[in-house]
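Notes follow the structure.
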Amino acid sequence: MKPRVRFAPSPTGPLHIGGVRTALYNYLFAKKNGGTMILRIEDTDQQRFVPGAEAYIIEAFQWLGIEFDEGVHVGGKFGPYKQSERKHIYKQYVDLLIEKGNAYFAFDTAEELEKKRKEAESEKRNFQYDVHTRHQMCNSLTLSPEEVEQKISSGAPYVIRFKHQEDQEIEVNDLIRGKVTIHSGLLDDKVLFKSDGMPTYHLANIVDDHLMEITHVIRGEEWLPSAPLHVELYRAFGWQAPQFAHLPLLLKPEGNGKLSKRDGDRLGFPVFPLRWEDPQTSEISSGYRESGYLPEAVVNMLALLGWNPGTTQEIMTMNELIQLFSIEKISKSGAKFDLEKAKWFNHQYLQLMPTDELAKQFLPILSDHNIQISTEKVIKVVEMVKDRIYFANELWDHSSYFFTRPDHYDEQVIKKRWKEDTAVRLSEIKSLLNDLKPFDKTIAHDKTMEYIQTHELNTGQIMNCLRLSIVGAAKGPDLFDIIDFLGISEVSKRIDIAIQNIHI
RNA sequence: GGUCCCAUCGUCUAGUGGUUAGGACGCUGGCCUCUCACGCCGGAAACCGGGGUUCAAGUCCCCGUGGGACUACCA
């Protein structure tokens with residue numbers, strides 16, 4: 001049977017990078033096995049709904065290259081794929097559970113429950129609505145059928161809770177962790193159906209997964225504690241449960257705990273794929289896309305955070321990831337996000353990118369600096385400097401001297417290299433270069449070296465000063481490549497300007 | 001507090017009873033070189049602790065310890 005997997009976010013804000021990884025693993029698993037990838041929107045919490053979140057999620061996956069076979073945005077024969085549009089479906093299933101005696105009505109108000117919790121807390125106990133306490137509460141287990149009937153028909157608010165078995169060992173078979181066992185008496189009678197007429201996640205996800213014929217539930221480890229409830233729900237319905245795989249969490253880079261929204265901008269890296277502006281507060285959260293990351297790099301980095309193919313290969317395309325992926329190789333423990341490694345991945349992908357494509361990204365930056373230049377020349381420059389950049393937006397810093405004269409000269413270099421006779425030497429080299437007709441960079445190099453040798457000068461000292469006057473700093477590709485690019489007349493001017501302005 | 005999960009270099013990890021405990025990021029020494037970067041060669045750096053099981057334990061078991069998640073009419 002071909003697997004059917006789903007990624008099921010709730011539209012409460014931008015998609016967290018941990019969620020992206022969960023979706024990625026689902027996708028890799030589906031594609032590897034010729035299965036189906038589904039996007040389902042879990043919007044059963046009407047309070048937390050955030051406009052724009054759904055569109056954001058879809059756009060993020062488009063950017064990342066994670067494609068869905070079925071879902072809110074693409075349709076499919078198991079729709080609708082948005083839980084708020086499936087509202088009518090859930091009621092009949094929860095009724096079925098009540099009929100079977102696996103669920104019951106509960107009329108306790110939020111205040112009463114809160115009071116119980118407070119009481120328990122003051123006695124250092126824990127209040128839980130479960131096997132042990134449900135007989136002291138106000139529900140269809142303690143009330144007579146007539147009272148229940150009367151309350152419901154009078155419109156009293158109620159919820160429907162799952163009735164756990166009293167004395168059973170419940171087993172969850174997890175593909176990553178193996179067998180997880182818990183005693184049913186320890187589980188609380190979770191609300192399945194809220195008083196607003198909406199199901200909770202627990203009910204909706206089981207009903208939908210069943211109806212959508214989901215074969216594998218691959219989700220974050222934060223769901224592990226409620227997995228026993230889910231297997232109990234499948235049992236109660238008499239349905240075959242899907243296979244479960246609970247993914248290790250993505251942790252903060254420093255210290256401990258789950259990577260959260262706040263960590264990113266505090267520590268200087270994005271926690272979201274795309275930039276997000278909160279519609280209520282206008283608060284901005286940075287995104288990988290806007291920070292200059294390539295989607296391939298983000299995917300590659302995320303794939304390796306909690307999984308690896310067991311080889312030493314690190315750079316992998318989506319297709320390679322798909323071929324190599326297996327759930328067995330997912331690690332059990334949480335992975336700390338590593339910003340340095342993320343940058344390294346981006347650097348790798350930037351080097352792999354065709355130069356003309358990278359040059360194309362440079363064009364708008366150049367026009368921001370009022371530089372008018374042919375695309376061919378930009379490609380030449382990018383070719384020369386690309387190996388030292390980690391992000392496309394660093395291109396200007398590493399190549400501005402190709403387009404504009406240096407506006408200052410590195411003090412450190414002046415201090416270390418500029419001597420009393422430097423101005424004279426540079427003038428002589430300048431005229432030597434000007435005598436070359438036509439100009440040839442190899443000959444220029446040889447002539448310059450010859451000059452240095454015959455005058456018994458220090459190569460490093462002269463060359464760095466020459467570079468300083470042309471580039472403004474001790475950086476960049478081969479100096480004669482730069483001279484060749486700029487042309488001898490521009491270079492001569494730069495040498496003159498440097499001689500005039502640099503004093504020791 | 002309760003329940004569950006987890007534990008190899010600083011970080012991501014390989015390792016499925018016998019290894020000089022491997023790789024990558026980062027750090028670092030050198031080479032290349034006019035400089036920066038790339039590249040190449042090298043280095044420092046880890047099995048949480050204690051008990052078992054076994055001829056042999058990073059690897060299996062137990063107990064600690066540490067970390068994490070969950071503990072809502074949120075997902």
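Fair warning: this is a prediction, and the values are worked out from it, not measured in the lab. Values below: all heavy atoms of this structure, side chains included; hydrogens, waters and symmetry mates excluded. Proteins come first, then strands; the chains are lettered A, B, ... in the order of their sequence lines, and each starts at number 1.
Classification of A/K341 and A/E314 as a salt-bridged pair holds, one side-chain N sitting under 4.0 Å from a carboxylate O. With salt bridges taken as basic N to acidic carboxylate O contacts below 4.0 Å, one links A/D209 and A/R40. A salt bridge between A/K115 and A/E111 is absent, with no side-chain N of the basic residue lying under 4.0 Å from a carboxylate O of the acidic one. A/R425 has a carboxylate O that lies under 4.0 Å from a charged side-chain N of A/E428, or vice versa, which qualifies the two as a salt bridge.
B/rG68 and B/rU16 have their C1' atoms separated by 25 Å, given to the nearest Å. For the C1' atom pair drawn from B/rC4 and B/rU13, the interatomic distance equals 25 Å after rounding to whole Å. Across the C1' atoms, B/rA44 and B/rA7 are found 24 Å apart, a figure rounded to whole Å. Taking the P atom of each, B/rA21 and B/rC9 are spaced 16 Å apart, rounded to whole Å. Taking atom C1' on both nucleotides, B/rG1 is separated from B/rG50 by 27 Å, rounded to a whole Å. The gap from the C1' atom of B/rC62 to that of B/rA72 amounts to 37 Å, rounded to the nearest Å. Between B/rC63 and B/rC25, the two P atoms lie 40 Å apart (nearest whole Å). Between B/rG49 and B/rU65, the distance separating the two P atoms is 15 Å to the nearest Å.
Comparing atom distances between the A/L249 side chain and each of B/rC12, B/rG68, B/rC38 picks out B/rG68 as nearest.
Going from atom CD1 of A/I389 over to atom C1' of B/rC38 covers 12 Å, rounded to whole Å. Atom pair A/I470:CD1 and B/rC36:P shows a separation of 17 Å (rounding to whole Å applied). A straight line from CD1 of A/I483 to P of B/rC34 spans 14 Å, rounded to a whole angstrom. For the pair A/F480 CZ and B/rU35 C1', the computed distance is 13 Å after rounding to whole Å. Look at CZ on A/F391: it is 17 Å from P on B/rA37, rounded to the nearest Å. Separating the CD atom of A/E169 from the C1' atom of B/rC4 is a distance of 13 Å, rounded to the nearest angstrom. Separating the CG atom of A/L186 from the P atom of B/rG2 is a distance of 11 Å, rounded to the nearest angstrom. Distance NZ (A/K475) to C1' (B/rA37): 11 Å, rounded to an integer number of Å.
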| note | A correct 5'-to-3' footprint of nucleotides 61-67 of chain B, with B, S and - meaning base, sugar-phosphate only and no protein heavy atom under 4.0 Å, is ------S

| query | Nucleotide by nucleotide, 5' to 3', does protein get under 4.0 Å of the base (B), only the sugar-phosphate (S), or neither (-) in nucleotides 20-33 of chain B, counting heavy atoms? | reply | ---SBB--------

| message | Treating primed atoms plus P, OP1 and OP2 as sugar-phosphate and everything else as base, which nucleotides of nucleotides 70-75 of chain B get B, S or - for protein heavy atoms under 4.0 Å? | response | S--BBB

| task | For the pair A/D188 and A/H164, evaluate side-chain hydrogen bond (donor to acceptor under 3.5 Å, both in side chains) and give the outcome as yes or no after the intermediate values. | result | CA-CA 7 Å; A/D188 66 327; A/H164 274 292; 5.7 Å; no

| query | When you look at A/F7 and A/F61, which way does the ring pair (Phe, Tyr, Trp, His ring centres under 6.0 Å) test go after all the steps? | reply | CA-CA 11 Å; A/F7 179 65; A/F61 286 129; 5.5 Å; yes

| task | Might you work through the side-chain hydrogen bond (donor to acceptor under 3.5 Å, both in side chains) test for A/D208 and A/Y90, ending with a clear yes or no? | result | CA-CA 9 Å; A/D208 288 345; A/Y90 309 112; 2.6 Å; yes

| message | One pair to check against salt bridge (charged side-chain N to carboxylate O under 4.0 Å, His left out): A/K118 and A/E114. What are the steps and the verdict? | response | CA-CA 6 Å; A/K118 282 268 157 58; A/E114 187 54 29; 3.3 Å; yes

| request: Go through the steps to decide whether A/L457 and A/D421 satisfy the test side chain to side chain contact (heavy atoms under 4.5 Å, CB included), and finish with yes or no. | output: CA-CA 11 Å; A/L457 301 170; A/D421 68 337; 4.3 Å; yes

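For B/rA24, the paired base is B/rU11 (Watson-Crick or G-U wobble, both distances below 3.5 Å). Base pairing annotation: B/rG1 forms a Watson-Crick or G-U wobble pair with B/rU71, both donor-acceptor distances under 3.5 Å. Nucleotide B/rG18 forms a pair with B/rC55, judged by Watson-Crick or G-U wobble geometry with both contacts under 3.5 Å. Across all strands shown, B/rG49 pairs with B/rC63; the Watson-Crick or G-U wobble distances both stay below 3.5 Å. When Watson-Crick and G-U wobble pairs are counted only if both distances are under 3.5 Å, B/rG29 pairs with B/rC41.
Among the atoms of the strands shown, only primed sugar atoms or phosphate atoms (P, OP1, OP2) are found under 4.0 Å from some heavy atom of A/L304. Residue A/G306 is in sugar-phosphate contact alone, with no base atom involved, counting any heavy-atom pair closer than 4.0 Å across all strands shown.
Between A/Y25 and A/W307, the gap from one ring centroid to the other reaches at least 6.0 Å. In this structure, A/F391 has its ring center closer than 6.0 angstrom to the ring center of A/Y293.
For A/N205, the side-chain hydrogen bond (donor to acceptor under 3.5 Å, both in side chains) partners are A/R6, not counting sequence neighbours. Every side-chain contact (heavy atoms from CB on, under 4.5 Å) that A/E340 has, sequence neighbours left out, goes to A/D338, A/K343.
Taking only distance into account, the side chain of A/R467 meets the base of B/rC34 through a donor-acceptor pair shorter than 3.5 Å.
By the neighbour-count criterion of 12 heavy atoms within 6.0 Å, atom NZ of A/K261 is densely surrounded, having more than that number from other residues, nucleotides or ligands.
With hydrogens and angles ignored, the 3.5 Å screen pairs no side-chain donor or acceptor of A/Q412 with any backbone N or O of A/A473.
Close to B/rU35, at under 4.0 Å from its OP1 or OP2, lies no side-chain N or O of A/N464.
The residue among A/P248 and A/L187 whose nearest nucleotide of RNA chain B is located toward the 5' end is A/L187. Both A/L305 and A/R177 lie near RNA chain B, and the one whose nearest nucleotide falls closer to the 5' end is A/R177.
Put simply, CH2 on A/W223 and CG on A/L247 are 13.5 Å apart, with the number rounded to the nearest 0.5 Å.
For residues 326-333 of chain A, proximity to RNA chain B is found at A/K329, A/S331, A/K332, A/S333, defined as any non-hydrogen atom under 4.0 angstrom from a strand atom.
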